[in-house]
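The figures that follow rest on heavy atoms only: side chains count, while hydrogens, waters and symmetry mates do not. Order of the sequence lines sets the chain letters (A, B, ...), proteins ahead of strands, with each chain counted from 1.
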Protein chains: 2
Amino acid sequence: MNTASTEREPRWLTYEEQRTWFAYVHATTLMEDHLDRQLQRDAGMPHLYYQLLVVLSAAPQRRLRMTELAMRTKITRSRLSHAVARLEKNGWVRREDCPSDKRGQFAVLTDGGFEMLSTCAPGHVAAVRQALFDRLSPEQQKSLGEIMEIITEGLQPAEAGADLPWLR
Amino acid sequence: MNTASTEREPRWLTYEEQRTWFAYVHATTLMEDHLDRQLQRDAGMPHLYYQLLVVLSAAPQRRLRMTELAMRTKITRSRLSHAVARLEKNGWVRREDCPSDKRGQFAVLTDGGFEMLSTCAPGHVAAVRQALFDRLSPEQQKSLGEIMEIITEGLQPAEAGADLPWLR
DNA sequence: CCCCAGTAGTTGAAGTCTCAATATTTGCTG
DNA sequence: CAGCAAATATTGAGACTTCAACTACTGGGG
């Protein structure tokens, strides 16, 4: 009933792997913190909330079903519910009923929300550049993208049934 | 009074950069979630708390000053205070006064804490392997380590005075 | 048509994190 | 050595996340 501890003798991380792993943990901790602060200061919301608005802004009609939005941002529906409630209070997002499915809700980016994005986007992009892209060579950027996509694939929704042997 | 938005005309992210950035955000979101769940289930604590114990276990005397522990794990002293308070309640960590500086406190890993680490380490390592190292080539692992170290350097404590022009 | 397992989304409580304020101590400076 | 800015660590309030219910609706099989 346990995915991992079924191992007979654990293969510990090598020195190099440990180094890499700590670097990963440190970098991601600092980065999230960095962006949260930058956006909290400039936009009055954490990074995740900003992401939600970005994803909505790119969607047709600037709207998405809650579940779809949750999947695209890799968060739980519950977390999204709370987040949208807050964004709604701020006036950046509005909820709308789904005509074809009475259970469904759309999260819709408001004009105010869009405007706010326009205002804050330059600062956010600059922060990302300064922390990430400005410091990496083109090869490293390419490599980073590939690696992160591999990780994502491995943890994705497939997650649900990932430990079922007959599904790869 | 604003670090980023001093830019005259923002350099938006290219298509490739966006792709990389989203991959980064998705992968790190999923990874943190994955490890938090795994450790919450097996060790009854979030990933950060587990990291604190790991770092303590590697320190001489299995103890560190609060500030030192906070710096090594890249979190604020405040966050650490709360975390240690919780870990203390669980009996994994104990606080001790610092003799040479009456303001100081040591966080000390207890025997119970150490034992718990021993028990949970295999499962945790397995989770990290399965999500990360098992999926990457040796070259990718090396590259990932380098990239993450670069990011860390850029965001590090130097952070505090990073936007002062006369310090690089 | 009814049943019912499954899906969409929300809710509340408990746990965690942030931010600003606080208490205490240090060590430099005059 | 008195005064004070800086450092150590903690605290509480409010914001955010998680987890486990819970409501409401859907869609397919008897």
Euclidean distance, atom [atom1] of residue [X] to atom [atom2] of [N] [Å, nearest integer]:
X: B/Leu87; N: C/dC17; atom1: CG; atom2: C1'; result: 14 Å
X: B/Lys89; N: D/dT11; atom1: NZ; atom2: C1'; result: 13 Å
X: A/Met45; N: C/dT18; atom1: CE; atom2: P; result: 18 Å
X: A/Asp36; N: D/dA15; atom1: CG; atom2: P; result: 16 Å
X: B/Leu48; N: C/dT18; atom1: CG; atom2: P; result: 9 Å
X: B/Arg79; N: D/dA9; atom1: CZ; atom2: P; result: 18 Å
X: B/Met71; N: D/dA7; atom1: CE; atom2: C1'; result: 12 Å
X: B/Leu64; N: D/dA9; atom1: CG; atom2: C1'; result: 15 Å

Original post:
Does A/Gly145 offer a backbone N or O that forms a donor-acceptor pair with the side chain of B/Arg19 under 3.5 Å?
Top reply: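 No, B/Arg19 side chain to A/Gly145 backbone: no donor-acceptor pair under 3.5 Å.
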
Original post:
For B/Ile147, does its backbone N or O pair with a side-chain atom of A/Gln140 as donor and acceptor, under 3.5 Å?
Top reply: no

State whether [X] places a side-chain N or O below 4.0 Å from either non-bridging phosphate oxygen (OP1 or OP2) of [N].
X: A/Arg77; N: C/dT10; answer: no
X: B/Arg65; N: D/dA9; answer: yes
X: B/Arg95; N: D/dT10; answer: yes
X: B/Arg86; N: C/dT16; answer: yes

Mind checking if [X] touches a base, just sugar-phosphate, or nothing, with heavy atoms under 4.0 Å?
X: A/Leu80; result: nothing
X: A/Asp33; result: sugar-phosphate
X: B/Asp101; result: sugar-phosphate
X: B/Ile75; result: nothing
X: B/Tyr49; result: sugar-phosphate

Subject >> Donor-acceptor pair under 3.5 Å, A/Ser78 side chain vs D/dC19 base >> reply: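 Answer is yes: a donor-acceptor pair is held.
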
Which of these nucleotides, [options], is closest to any side-chain atom of [X]?
X: B/His82; options: D/dA15, D/dG12, D/dT10; result: D/dG12
X: A/Ser81; options: D/dC25, C/dT16, C/dG9; result: C/dG9
X: A/Arg103; options: D/dT26, D/dT10, D/dT18; result: D/dT26
X: B/Gln40; options: C/dT25, D/dT26, D/dC19; result: D/dC19
X: A/Met66; options: C/dT10, C/dT18, D/dT17; result: C/dT10
X: B/Lys102; options: C/dT10, C/dT16, C/dT25; result: C/dT25

Subject >> B/Leu39 side chain near B/His124 side chain, heavy-atom distance below 4.5 Å >> reply: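 Result yes, sub-4.5 Å side-chain heavy-atom pair found.
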
Original post:
Should the pair B/Glu96-B/Arg94 be classified as a salt bridge under the 4.0 Å nitrogen-to-oxygen rule?
Top reply: yes

**OP:** Hey, which sits more toward the 5' end of DNA chain C by its nearest nucleotide, B/Pro46 or A/Glu68?
**Re:**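 Between the two, 5'-proximity favours A/Glu68.
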
Original post:
What distance separates A/Met148 CE from B/Met31 CE, expressed to the nearest 0.5 Å?
Top reply: 8.0 Å

Original post:
Which comes earlier along DNA chain D counting from the 5' end, the contact point of A/Gly44 or that of B/Arg37, where each point is its nearest nucleotide?
Top reply: A/Gly44

Original post:
Which pairs, with at least one residue in residues 76-93 of chain A and sequence neighbours excluded, count as a salt bridge (charged side-chain N to carboxylate O under 4.0 Å, His left out)?
Top reply: A/Glu88-A/Arg95

